[in-house]
Every structure is written in structure tokens, then in C-alpha cells.
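Quick note: residue numbers are just sequence positions, from 1. Both counts, for ligands and for their atoms, begin at 1 and track the order of listing. All heavy atoms count here, side chains included; hydrogens, waters and symmetry mates do not.
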Amino acid sequence: MAYRTLNPFTEQKVQEFPEHTDAEVEAALAKAHALFKSDWSTGDRAPRLAILDKLAGLITKNRDRLANTMAEEMGKPLLQGQMEADLCADIGRYYADRATEMLKPQPVDSNVGEGWVEFHPVGVLLAVEPWNFPIYQLIRVVAPAIAVGNPVIYKHASIVPQCAAVFADLVRQAGAPEGAVTNLYISSAKVSELIADDRIQGVALTGSEGAGSQVGARASEKLKKSTLELGGSDVFVVLDDADLGKAVQSAVIGRLANAGQTCSAAKRFIVQRSIADVFTDAFVGAMRGATMGDPKDPQTLLGPMASREGLDGLSRQVEEAVANGATVLTGGKRADYTGFFYEPTVLTDVSPDNPAFYQEFFGPVAQLFVVDDDDAAVALANDSNFGLGGSIFSADIKRARRMASRIESGMVFINMWTTSRPELPFGGVKRSGYGRELGDAGIKEFVNRKLVVVSAE
Ligand code: NAP
């Protein structure tokens, strides 16, 4: 796809960006590899952590610029863009402060001698990233990589070229040497070529199952480690003893934030029968009343979807769901004005033979299910090809914890919607992918865990 900014609120094309040439890609790779071979990657960590700390400060200073660029390129409401910028600054600071402790050599008990594991960089990483959190997705990979000493080349989604460029600019301003972090406008075919290059030593992709399976297959063919952060159809379970006010409020934000285009958004709402009517009335009413509009208006909760393709795809999914027996409780169609807006929608009566049952709805569309008890909630939750996150609302924490441990997903949040913080390892199981980003787990995905042993004899 060609790199271009098209404002999803006005539907007008703003600017196009040419792809990098083969010579430019080669030069970027050569610089990144040379940096990996230099003292910058393998030497003292302090100068790299100073860059991260400075980057965090620059992100905070530029939060409005970042939020505006996100709003213009992919329709994220300003307030949500500012929150994303704040989270990105926190991620930078988190690794700046903690990486030294996290990457300290770990002793290994052995009767052959004194042993320990050291954590070393592995080489240049290739990151392929999606548009939905255009700055956060980048820093999730870049911050731990700088801390470890792995240079990064990233290919961002073709609809957010300015976000891609602004982030690279901030990293440069933070003092990163040339080659440490490089933004390339390249095609999928070029990604495949790069993966085959011996100088690339790891591949991180966040995106759809289709892209994940192609990039993951290519990485494995070329014997490169990969992490895949893919889609999800997270459950949001409301048990009979839940605080319903809190559950409804969280359900609406969990489903509508970022116009519903969040991998770990609440997508399947599973509600216990005795409170189902009350929850449904309040949830449907709140979804219907969500403020939809200009992403640059601070009152807006629900902005436009990021692209016409996303809007058309979601519209088709809902039509197909309804044709196969789903009932629309509210919404169910594109909003009737300029901009890629889809009405906040609640579907029910989605049976397992409806294609919608196993699909991810990447937009403001909720599926609502009613169950009799905890076992039925768990069975329904696990009847999914995905396993990214999930939420459980209950006043009985013991009961919610028991349920959390039975849900087949990488993350479960009790009495809150699925969220992301620098210290919380993020990732999934099943077709939601493999590997983790953030936290201690994230920084150790692309490291050489080098064992050193001194003989006891
Ligand atoms: P996508 O189409 O897979 O795009 C993601 C990135 O992959 C883009 O940079 C895209 O480039 C690139 N790409 C696509 N096909 C490729 C291929 N064959 N080879 C190499 N690169 C390829 O995904 P999306 O529609 O933008 O994002 C939505 C999906 O991402 C959803 O399923 C969502 O749940 C998932 N997601 C997961 C997480 C997580 O952490 N688990 C977070 C956010 C989103 P172009 O733009 O040039 O096509």
C-alpha cells in the first residue's frame, strides 16, 4: 500500500510519501548493523538509558503535537491521543529507570561450577507495526531495544506515515545515533526480503492474523526469532454480584475507546442471567448516548474509524452477522455523515453457527451473551480462536480469581477493562500470537541469554 495521510474525519487526502528506495534501505540496514557492532550496543548501558530518559521528556513536551498527528491520520480523539503520549513517556522512563536491574546477570545454581546468565543484544530488529496506537506500538519495541542495545528498523502502517516520522524525529532529538532507530516506508515484499538478510536478527510484528502468519512464517523459514501480537475478541464478564454502575461505564469505554479499534478491547460481553436485563438496558443506553464527532473536539468519545477499508469491512461483518440471525439492539450501520463513522452497536443472538461468533470486530460493535453460571461463562469465553485479554466484574474477588485462572488468554483484569502499563507484560495465546511486550518479559524477548560457567575444579 502507498504511504499517505488521509484524514478520516474529512475523508480528504492530506499528503503522500514515497517509499524508500532499495539503496536507502540497504544504507539504513548497513548503518544499523554497524551500530550493533560498535561500543554503543555492546558497551556501557548508561548512555543508552539517558537517551530513553530524554525521549520520555520529549514525548511529554510534544504530547499535543503527537495527539494532533494521530487525530489527523487515524481519527483518535485528542484526549485519547494525549493519554497515549503519556503512556509512551511512562514506557520510556520505566525502561530508563529499571533496565539496569532487569538486565543484571542472574546466578545459576550448578554443581559444575559458578554459573550465571548475562543478557546481551542480538542485533538489528525489524518491527512491523499497526496504525491503531501509532506511537505506543513503536515505543513498546523501541524502548526495550535501546535499553538492551538492539538497533531497530521499523515499517509502520502505510496510513500513519507522519506518526512514523515524528517518532523517529523525537528519537533522534533524544540523542540516538544514526542507525539506532530507523523509520522506513517499505512494502510487504521488502519486509520479506529484509527478514532474509543475515543482519536482521529478530522480527516483532503487531497486526492482523494474516500479516502475522506471513511474517512469522518467513521469520521461521529464515531461522529468526519473532514475536507476534495479533488480534483478539476479549470477553467482558459481568457476574451477578458485580457493581453494575462501574461495569457499564467500563464496558462502554472498553468497547468505544479508539473507535473500538483496539486488539485488547472488550468485544464479547458475557452477562449472568439475573442481572442481564438491567445491564443490557444501561449498556445499550450508554452506547447509544456516546458522543460521536470530531476527534479534535475534547468532548468526543467516539471518533471516526481510521480508514474507509476498516469501515467497509466492519459494515460487511455486521450485515453478515444479522443475515445469520443476530439481533441489533442499537446501531448496526454507518453513521449518516462525512467521516468514517460507524454507530456504536450492540448485537445479540449471535449463535456459534453465525460467522460473527468467531470473528474479531475491529470497531465500535459489541456482542452480548447471557449465561446462567460461572462454568457457562468460562466455556463461552474459551470458545474462541483468540486469547489476548479479558475482564471479569464481580464483588467476590476469590470467585473472580478462580474464573481468571480458567480463562484461556494472556491477560485478565478484574473489575477493570483490559489496559496497558509499562510494567504489565502484554500479549496473548492461541491466534492472538506469541511473545510478550512491556514489563520484564518484554525486555527479555530479544536478548542473548548467555550462560557463563567457571569450572569448580
Ligand atoms: P495489518 O493489516 O496486519 O497491518 C499491520 C502492519 O503489518 C502494517 O504495518 C502493515 O503494513 C503490515 N503488513 C500487512 N501485511 C503484511 C505482510 N504480508 N508482510 C509484512 N507486513 C505486512 O493490521 P491492521 O489492520 O493495521 O491492524 C489491526 C489488527 O492488529 C487487528 O487484528 C488488531 O487486533 C491487531 N492488533 C494487535 C495488537 C496486540 O498487541 N496484540 C495491538 C494492536 C493491533 P501496511 O499498512 O502497509 O499494509
Distance filter under 4.0 Å to H156 heavy atoms, resulting ligand 1 atoms: 9 (O)
Considering T227, T262, V215 one by one, which has a heavy atom nearer to atom 20 (C) of ligand 1 than any of the others? V215
Among W417, F413, F393, the one residue meeting ring pair (Phe, Tyr, Trp, His ring centres under 6.0 Å) with F236: F393
Could you tell me whether the side chain of R436 and the main chain of G428 form a donor-acceptor pair under 3.5 Å? yes
Could you tell me the residue and atom name of the protein heavy atom closest to atom 39 (C) of ligand 1, and the distance to it rounded to 0.1 Å? C263 SG, 3.1 Å
Among protein heavy atoms, which lies nearest atom 28 (C) of ligand 1, and at what distance? F362 CE2, 3.5 Å
Quick one: which of Q214, R140, K155 has a heavy atom closest to atom 18 (N) of ligand 1? Q214
Closest protein heavy atom to atom 14 (C) of ligand 1, given as residue, atom name and distance to 0.1 Å: A211 CB, 3.6 Å
If you have a sec, work out which protein heavy atom is nearest atom 26 (O) of ligand 1 and how many Å separate them, to one decimal? W131 NE1, 2.5 Å
Check whether any protein heavy atom sits under 4.0 Å from atom 4 (O) of ligand 1. no
Run the numbers for me: atoms of ligand 1, each under 4.0 Å from some heavy atom of F426, listed by number. 39 (C), 40 (O)
Starting from atom 37 (C) of ligand 1, which protein heavy atom do you reach first, and at what distance in Å? L230 O, 2.9 Å
Taking only heavy atoms of Q137, which atoms of ligand 1 are found under 4.0 Å from at least one of them? 42 (C), 43 (C)
Would L205 count as a polar contact of ligand 1, with the cut-off being nitrogen or oxygen pairs under 3.5 Å? no
Looking only at protein heavy atoms, which one is nearest to atom 23 (O) of ligand 1, and how far off is it? S208 N, 3.4 Å
If we count only N and O atoms by modelled type, under 3.5 Å, do the side chains of T69 and E72 hold a donor and an acceptor together? no
Closest protein heavy atom (residue, atom, distance) for atom 8 (C) of ligand 1: E129 O, 3.3 Å
Does any donor atom in the side chain of R288 or T330 lie under 3.5 Å from an acceptor atom in the other side chain? yes
Using the six-membered ring wherever Trp is involved, compare the ring planes of F283 and F269 and label them parallel, tilted or perpendicular (cut-offs 30° and 60°). tilted
Close-contact set for ligand 1 against N132 heavy atoms, below 4.0 Å: 43 (C), 44 (C)
Got the closest protein heavy atom to atom 7 (O) of ligand 1, with its distance? V128 CG1, 3.3 Å
Under 3.5 Å, is there a donor-acceptor pair between the side chain of H156 and the main chain of P134? yes
If you measure from atom 19 (N) of ligand 1 to every heavy atom of S158, S187, S188, which option wins on shortest distance? S188
Heavy-atom distances under 4.0 Å decide this one: backbone, side chain, both or neither, for E360 against ligand 1? side chain
Looking at S384 and A381, would you say the former's side chain and the latter's main chain have a donor-acceptor pair under 3.5 Å? no
Does the plane of the ring in F426 sit parallel, tilted or perpendicular to the ring in Y136? Use 30° and 60° as the thresholds. perpendicular
Dump the intermediate steps for side-chain hydrogen bond (donor to acceptor under 3.5 Å, both in side chains) on E73 and T5, then the final yes or no. CA-CA 6 Å; E73 290 204 302; T5 300; 2.6 Å; yes
Could you tell me how the ring of H33 sits relative to the ring of F36: parallel (under 30°), tilted (30 to 60°) or perpendicular (over 60°)? tilted
Side chain, backbone, both or neither: which applies to E209 and ligand 1 if a contact is any heavy-atom pair less than 4.0 Å apart? neither
Just by distance, with hydrogens left out, do E320 and N324 show a side-chain donor and acceptor under 3.5 Å apart? no
Checking L138, L125, V128 against Y154 for side chain to side chain contact (heavy atoms under 4.5 Å, CB included), the one that qualifies is L138
Which is it for T206 and ligand 1 at heavy atoms under 4.0 Å: side chain, backbone, both or neither? both
Which bit of L388 gets closer than 4.0 Å to ligand 1, counting heavy atoms only: side chain, backbone, both or neither? side chain
With Q80 via side chain to side chain donor-acceptor pair (under 3.5 Å) - residues at least two apart: none
